[in-house]
There are 2 protein chains.
Amino acid sequence: MSGGGLTIGDAAARAGLPVKTVRYYDEAGLVRPARGANGYRVYGETEVHKLAFLRRARGLGFSIEACRALLSLYEDHGRASADVRRLALDRVAQIDDKLAELQELRQVLVELVDACQGDTRPDCPILDRLSGEAGS
Amino acid sequence: MSGGGLTIGDAAARAGLPVKTVRYYDEAGLVRPARGANGYRVYGETEVHKLAFLRRARGLGFSIEACRALLSLYEDHGRASADVRRLALDRVAQIDDKLAELQELRQVLVELVDACQGDTRPDCPILDRLSGEAGS
DNA sequence: CCTTGACCTTCCCGTTACGGGAAGCCCCAC
DNA sequence: GTGGGGCTTCCCGTAACGGGAAGGTCAAGG
């Protein structure tokens, strides 16, 4: 009872993360716990909060590097909210790029699917397109 | 001149792929060229067509395994177009899942961004949300 | 004939964010 | 003291290649 020191298992449970992930965040330098005399990682409340923070940030799709930036802003009480906002906007832009790409692919695929009879015969506009017969 | 045999570099150029990728497709068993006496890969027209086919299929986001299936249907002249269509529909479903996920994330992020002043002050609803203050 | 330079070969590492599993130490309960 | 957890580190695998090293080959030019 050294005053609330948690083992990695307990910390992970409280943060809602797998132990492996918590260990990864340590190795990645995101949340570095103290070490006990036995070599065990020792997590305090602060670390647990950071882990939960990371869980939510990752849930929004922020990369580990973006999380590192967010975490440092989180800990910097003199931060400018504009910096946080910029990171979020970057993420939105990323998502928008991906959305546009996927929507384009979807469009093409649906057109091909619609053009294909989908029966037992071998004639297939999808394969024609893939084989280079410049459909549409 | 053994009648049209291409080296990997020429085959890759004709198919519009990087040499590394073509080598990878060989190793993955997608397009296995013959080998010359010197150990060089030798590509014929058929292989080049298959490589171009793969380039287009990959461009539509089909995984290597899906490409393997598509390629075998492409080569099977007795195929049923329904099988091809199914693969394409699977891909559409995959895309739809991803689109839904990204749209949800985008929604949340945009709300947070809109709620954030983005000035020089430290108050930030984005960080509040990430730190667990259940905003909205 | 020999050399350059551009090709080709294989092999290995790095990418993203972990998950699985092995080998070995530690600790608590019975 | 003897389990059976939980902890440690380390290594491999993921998808689909890209980068680069070490070494063999080939066609052209001097």
Side-chain angles (χ1 to χ4, degrees), chain A residues 1-2 5-43 47 50-51 53-71 91 94-95 98 101 105, chain B residues 1-2 5-43 47 50-51 53-71 90-91 94-95 98 101-102 105:
Chain A
M1 327 69 247
S2 40
L6 299 173
T7 66
I8 195 172
D10 293 340
R14 296 211 187 175
L17 288 172
V19 169
K20 276 279 194 180
T21 300
V22 175
R23 220 171 260 136
Y24 177 71
Y25 291 165
D26 176 8
E27 187 188 5
L30 291 175
V31 180
R32 323 215 64 148
R35 295 289 183 140
N38 52 13
Y40 286 18
R41 291 173 180 82
V42 179
Y43 291 86
E47 278 82 20
K50 290 209 247 175
L51 289 173
F53 179 97
L54 287 172
R55 176 174 55 74
R56 298 189 195 95
R58 290 285 303 134
L60 289 178
F62 286 100
S63 70
I64 292 296
E65 285 317 308
C67 285
R68 189 190 309 281
L70 284 169
L71 203 48
R91 175 71 187 130
Q94 242 179 50
I95 291 176
K98 195 69 181 176
E101 181 193 333
L105 292 186
Chain B
M1 29 182 75
S2 41
L6 299 174
T7 67
I8 195 173
D10 293 340
R14 294 208 190 179
L17 288 171
V19 168
K20 276 280 193 179
T21 300
V22 174
R23 221 172 259 135
Y24 177 73
Y25 292 165
D26 175 9
E27 186 186 5
L30 290 175
V31 180
R32 322 217 64 148
R35 294 289 183 138
N38 51 12
Y40 286 17
R41 292 172 179 83
V42 179
Y43 290 86
E47 278 83 22
K50 289 210 248 173
L51 289 172
F53 180 98
L54 287 172
R55 176 174 56 75
R56 296 189 196 94
R58 291 284 302 132
L60 288 177
F62 286 101
S63 71
I64 292 297
E65 286 318 308
C67 285
R68 191 191 307 281
L70 284 170
L71 203 49
D90 286 353
R91 175 71 188 128
Q94 242 181 50
I95 289 174
K98 195 69 182 175
E101 181 194 332
L102 289 177
L105 292 186

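To find a chain, count down the sequence lines: A is the first, B the second, and so on, and within it residues start at 1. These numbers come from a predicted model, not from an experiment.
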Would you kindly give the CG-to-P distance between B:L17 and D:dC17, to the nearest whole Å?
8 Å

Grab the OH-P distance between B:Y43 and C:dC8 for me, whole Å please.
10 Å

Say you draw a straight line from CG of B:L6 to CD of B:E47; how long is it, rounded to the nearest 0.5 Å?
9.5 Å

Bend across the helix from C:dC1-D:dG30 to C:dC30-D:dG1, to 10°, with axes taken over 5 pairs at each end?
40°

Examine D:dC7: is either OP1 or OP2 under 4.0 Å from a nitrogen or oxygen in the side chain of A:T7? Give yes or no.
yes

Separation of B:L6 atom CG from C:dC8 atom P, in whole Å?
11 Å

Please determine whether the number of non-hydrogen atoms from other residues, nucleotides or ligands lying under 6.0 Å from atom CZ of A:R58 exceeds 12.
yes

Check whether any side-chain heavy atom of B:L54 sits under 4.5 Å from a side-chain heavy atom of B:F62, and report yes or no.
no

Tell me the interatomic distance from B:R35, atom CZ, to D:dG24, atom P, rounded to whole angstroms.
17 Å

B:R14, CZ: over 12 other non-hydrogen atoms inside 6.0 angstrom:
no

Measure the shortest side-chain to side-chain distance between A:L30 and A:K50 over non-hydrogen atoms and say whether it is less than 4.5 angstrom.
no

Quick one: does B:D26's side chain get under 4.5 Å of B:R41's, heavy atoms only?
yes

Check: A:A28 main-chain N/O paired with A:R68 side-chain donor or acceptor under 3.5 Å
yes

Quick tally for nucleotides 17-30 of chain C: nucleotides whose base has a protein heavy atom under 4.0 Å get B, sugar-phosphate-only ones S, the rest -, giving BBSBB----BS---

Looking only at heavy atoms, which two atoms of A:I95 and B:L102 are closest? And how far apart?
CG2-O, 3.7 Å

With respect to the phosphate group of D:dG6, does any side-chain polar atom (N or O) of A:R41 fall under 4.0 Å of OP1 or OP2?
no

